[in-house]
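Data block below; observations after.
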Amino acid sequence: MKVVIIGGVAGGATAAARLRRLNEAAEIVIIERTGYVSYANCGLPYYIGGVITDRAKLTLQTPESFWNRFRIDVRVRQEAVSIDRGARTVSIRRLDDGSVYAERYDKLILSPGARPVDPGVPGTDSERLFTLRTVEDTFRIHDFVEREHPQTATIVGGGFIGLEMAENLRERGLDVTVVQRGSHLMPTLDQDMAAILHNHLRKHGIRVLLDANVTGFSALDGGIRTALAEGAPLDADLAIMAVGVAPESTLAREAGLELGLRGAIKVDEHLRTSDPDIYAVGDAIEVKHAVTGKPALIALAGPANKQGRIAADNICGIDRTFKGSQGSSVLKMFDLTVATTGLTLRAAQAADLAADAVVLTPANHATYYPGSESLVMKVVFEQNTGRILGAQIVGGAGSDKRIDVIATAIRAGMDATDLTELDLAYAPPYASAKDPVNMAGYLIENILEGRVEQVGWSEALELTAREHGSEASPVLLDTRTADEVARGSVEGALHVPLDELRERLDELPSSSSRLLVFCQSGLRSYVACRILTQHGFSCANVSGGYGFLEQTLRDGALPPSGTGPCGRQV
């Protein structure tokens with residue numbers, strides 16, 4: 001059996017190694033367009049930033065190492081230009097001399113990856129405008145920085161690559177501006193959670209421009225200008241274009257293979273294309289979203305590795321299926337961790353799921369043990385079943401641990417009650433006896449079982465502004481301590497500390513007014529709601545607490561509420 005693999009890196013290289021382990025007699029050929037067949041794609045920004053200092057560390061396997069260990073024929077700087085499905089051959093061009101030859105196959109695996117999106121604006125050919133996708137791209141940026149000693153950089157795009165480049169260039173001392181077309185960075189976050197990230201970037205000296213549409217680039221004397229649809233242009237020594245990627249499916253399309261979402265290669269659960277002798281893996285394929293069951297594009301290394309292994313298994317007669325991807329990811333941003341899995345609340349609602357979310361700010365480990373810090377967690381759930389749909393965590397140490405637990409829970413189809421019952425490791429330096437994951441389950445369970453109602457800050461501010469002055473208008477009730485209120489509160493909110501609440505019930509509005517109760521994190525206000533409910537008051541807990549409101553208002557993620565009871569003092 002002869003297997004030809006188009007493209008290396010995560011999917012193609014994994015498939016090749018698995019094929020060899022399963023079939024010592026197979027002839028295996030990898031065709032790779034770049035000069036590197038297997039490299040640490042996700043580590044590329046950290047070489048530019050100087051965190052990784054040895055170029056050789058970026059290369060996981062070389063053509064020589066593949067041959068020595070696996071007897072796999074790896075041909076770099078060669079490009080597949082066409083597929084003749086009838087003859088079962090691939091036409092391949094040698095990039096060094098332009099010559100073309102045909103390679104026969106019994107089975108073909110397509111792992112061409114994705115290409116940077118072309119924004120379709122003038123000036124993208126500027127020598128000071130870079131994209132980052134390959135090792136060669138990395139070396140070009142690194143060598144430019146070493147040679148030219150730039151002082152300023154414009155990053156266009158606020159996804160993984162854009163933000164990692166922003167961090168690494170800032171760590172090298174550059175003044176960095178991040179330009180994002182949408183209303184917030186990181187599309188894997190809801191806007192309120194992204195606000196925490198925005199504030200953290202600004203804290204570290206990075207300028208963030210949101211809702212900014214780039215219209216073109218032009219050369220300056222020793223620099224590059226980025227023009228915006230509105231506002232002054234941005235002048236810098238270099239610019240990075242990181243507005244996303246698109247499936248590299250040209251070869252598949254021209255071969256007549258069936259395509260799916262945004263032109264991605266359509267595959268079945270065995271990763272076969274519409275041609276039973278051709279498989280496809282990695283960033284170029286359409287996958288099933290593990291939460292919604294709908295088609296999705298998820299360009300991440302983890303799923304690509306799994307797909308490469310599964311494709312190899314099926315070629316070798318092992319019946320293995322790819323059950324979908326949920327997009328679990330983690331991002332380091334200075335000393336902040338941004339971790340996500342599954343659906344955001346916005347994405348869940350767009351998928352026509354009856355979804356809600358809880359926001360909590362637990363400590364990452366026992367507070368009496370030195371060094372504890374808060375995590376901000378948003379967990380999305382299905383209202384009628386309690387099924388966990390997604391989670392976002394922004395914080396420090398322990399964020400990655402919790403997102404992995406929730407990712408596992410989502411894959412297992414767990415609901416909120418299952419989260420409460422998870423038996424997780426506990427010691428004061430690492431966690432609390434009630435882990436943040438357990439706490440998220442308790443919060444959701446209380447809502448589903450009717451023990452407390454919940455409103456978000458946007459809804460709370462809107463309700464109090466809209467109905468202010470009416471006889472039964474909602475009232476914001478602040479249950480924090482006097483010292484906490486002195487540092488900032490919501491103008492017009494009634495203040496009764498939790499520990500004094502039972503003795504001061506007569507100071508509250510009549511039972512016809514709904515109380516929207518908040519504290520710093522949402523925990524004390526829940527206790528207050530339980531007290532108030534049992535004394536006949538109508539109330540709802542404001543999700544996330546005042547600390548969450550501070551973050552979102554500082555960033556502008558919530559609309560200004562004007563004057564009166566919703567005027568804000570932060």
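For the pair Q326 (side chain) and G324 (backbone), a donor-acceptor distance under 3.5 Å is absent. Judged purely by atom type and a 3.5 angstrom limit, E32 uses its side chain to pair as donor or acceptor with the backbone of T34. In terms of modelled atom types and a separation under 3.5 Å, the side chain of S111 and the main chain of G12 share a donor-acceptor contact. Panel note: side chain T344, backbone A347; a donor-acceptor pair is recorded below 3.5 Å. Checked by atom type and distance alone, the side chain of T131 never pairs as donor or acceptor with a backbone atom of P116 at under 3.5 Å. Checking side-chain atoms of S126 against main-chain N and O of G123 turns up no donor-acceptor pair under 3.5 Å. No donor-acceptor pair under 3.5 Å is formed between the side chain of E382 and the backbone N or O of A355. A donor-acceptor pair under 3.5 Å is formed between the side chain of D190 and the backbone N or O of L345. Listed for the R133 side chain is no donor-acceptor partner under 3.5 Å among the backbone atoms of D137.
In summary, E146 and R172 engage in a salt bridge, as defined by a charged side-chain N under 4.0 Å from a carboxylate O. In this structure, D192 does not pair ionically with R346, as no charged nitrogen and carboxylate oxygen lie closer than 4.0 Å. Salt-bridge annotation for K323 and E269: absent, with no side-chain N of the basic residue lying under 4.0 Å from a carboxylate O of the acidic one. The pair D211-R181 does not count as a salt bridge, with every side-chain nitrogen at least 4.0 angstrom from each carboxylate oxygen. Ionic pairing of D235 and R225 is present here: one or more N-O contacts between side-chain nitrogen and carboxylate oxygen are shorter than 4.0 angstrom. The pair R75-D73 counts as a salt bridge, with a side-chain nitrogen and a carboxylate oxygen less than 4.0 angstrom apart. Using a 4.0 Å cut-off between charged side-chain N and carboxylate O, K2 and E103 make a salt bridge. At a threshold of 4.0 Å, the pair R272-D268 counts as salt-bridged, since one of the basic side-chain nitrogens sits closer than that to a carboxylate oxygen.
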List, one per line, each side-chain donor-acceptor pair under 3.5 Å for residues 88-95, sequence neighbours excluded.
from	atom 1	to	atom 2	distance (Å)
R88	NE	D277	OD2	3.4
R88	NH2	D277	OD2	2.6
S91	OG	S82	OG	3.3
R94	NH1	S99	OG	3.0

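Residues P122 and F217 fail the side-chain proximity criterion, which asks for heavy atoms closer than 4.5 Å. Residues L169 and I155 are in side-chain contact: their nearest non-hydrogen atoms beyond the backbone lie under 4.5 Å apart. Within the 4.5 Å cutoff, no side-chain heavy atoms of R33 are placed close to those of Q78. Between Y46 and N168 the shortest side-chain heavy-atom distance falls below 4.5 Å. At least one side-chain heavy atom of E136 sits less than 4.5 Å from a side-chain heavy atom of Y36. Looking only at side-chain heavy atoms (C-beta outward), I83 and L110 come within less than 4.5 Å of each other. Side-chain contact between L238 and L174 is present, with at least one heavy-atom pair separated by less than 4.5 Å. Counting heavy atoms from C-beta on, the side chains of V214 and V243 never come closer than 4.5 Å.
The shortest heavy-atom contact between L210 and H184 is CD2-CA, 4.0 Å. Listed here is the closest heavy atom pair of E286 and V267: O-CG2, 3.7 Å. Between H289 and A296 the shortest heavy-atom distance is CB-CB, 4.0 Å. Closest approach of L300 and S328 over heavy atoms only: CD1-O, 3.6 Å. Closest of all the heavy-atom pairs between L22 and A312 is CD1-O, 4.1 Å. Taking each heavy atom of L375 and G396 in turn, the nearest pair found is CD2-N, 3.8 Å.
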Side chain to side chain contact (heavy atoms under 4.5 Å, CB included) assessment of F334 paired with L201: CA-CA 8 Å; F334 301 103; L201 288 169; 4.2 Å; yes

Check step by step if side chain to side chain contact (heavy atoms under 4.5 Å, CB included) holds for R71 and F66. CA-CA 6 Å; R71 294 300 188 267; F66 256 113; over 6 Å; no

Between R402 and D400, does the salt bridge (charged side-chain N to carboxylate O under 4.0 Å, His left out) criterion hold? Intermediate values first, please. CA-CA 6 Å; R402 274 64 186 218; D400 54 339; over 6 Å; no

Could you please spell out the steps behind the side chain to side chain contact (heavy atoms under 4.5 Å, CB included) verdict for V3 and I109? CA-CA 7 Å; V3 182; I109 300 177; 4.2 Å; yes

Chi angles and distances behind the side chain to side chain contact (heavy atoms under 4.5 Å, CB included) call for L197, M333: CA-CA 8 Å; L197 173 61; M333 194 48 49; 3.8 Å; yes

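I28 CD1 to I72 CD1: the interatomic distance, rounded to the nearest 0.5 Å, is 4.5 Å. Distance check, rounded to the nearest 0.5 Å: CG of D237 to OG1 of T152 gives 3.5 Å. One finds the OG1 atom of T154 at 10.5 Å from the CE atom of M241 (value rounded to the nearest 0.5 Å). The distance from atom CG of L234 to atom CG of L209, rounded to the nearest 0.5 Å, is 6.0 Å. Taken from CE in M165 to CG in L132, the straight-line distance is 6.0 Å, to the nearest 0.5 Å. Between atom CZ of residue R320 and atom CZ of residue R18 there is a gap of 6.0 Å, rounded to the nearest 0.5 Å.
Between the side chains of Q392 and T340, no donor-acceptor pair of N or O atoms lies under 3.5 Å. For the residue pair E230 and N213, no side-chain donor N or O sits within less than 3.5 Å of a side-chain acceptor on the partner. There is no side-chain donor-acceptor pair under 3.5 Å between H270 and D313. For the 3.5 Å distance criterion, the side chains of D335 and H200 qualify, holding a donor opposite an acceptor. Judged by distance alone, the side chains of Q551 and N199 do bring a donor and an acceptor atom under 3.5 Å apart. For the residue pair T14 and N305, a side-chain donor N or O sits within less than 3.5 Å of a side-chain acceptor on the partner. Looking only at atom types and distance, the side chain of T337 has no donor-acceptor partner in the side chain of S399 under 3.5 Å away.
The side chain to side chain contact (heavy atoms under 4.5 Å, CB included) with M377 is formed by just one residue from the set V394, I403, I406; it is I406.
Open room surrounds CG on D221; 12 or fewer heavy atoms of other groups in view lie less than 6.0 Å from it.
Geometrically, R55 engages F139 in a cation-pi contact defined by less than 6.0 Å to the ring centre and at most 45° from the axis.
With sequence neighbours excluded, no residue forms a ring-ring contact (aromatic ring centres under 6.0 Å, His included) with Y101.
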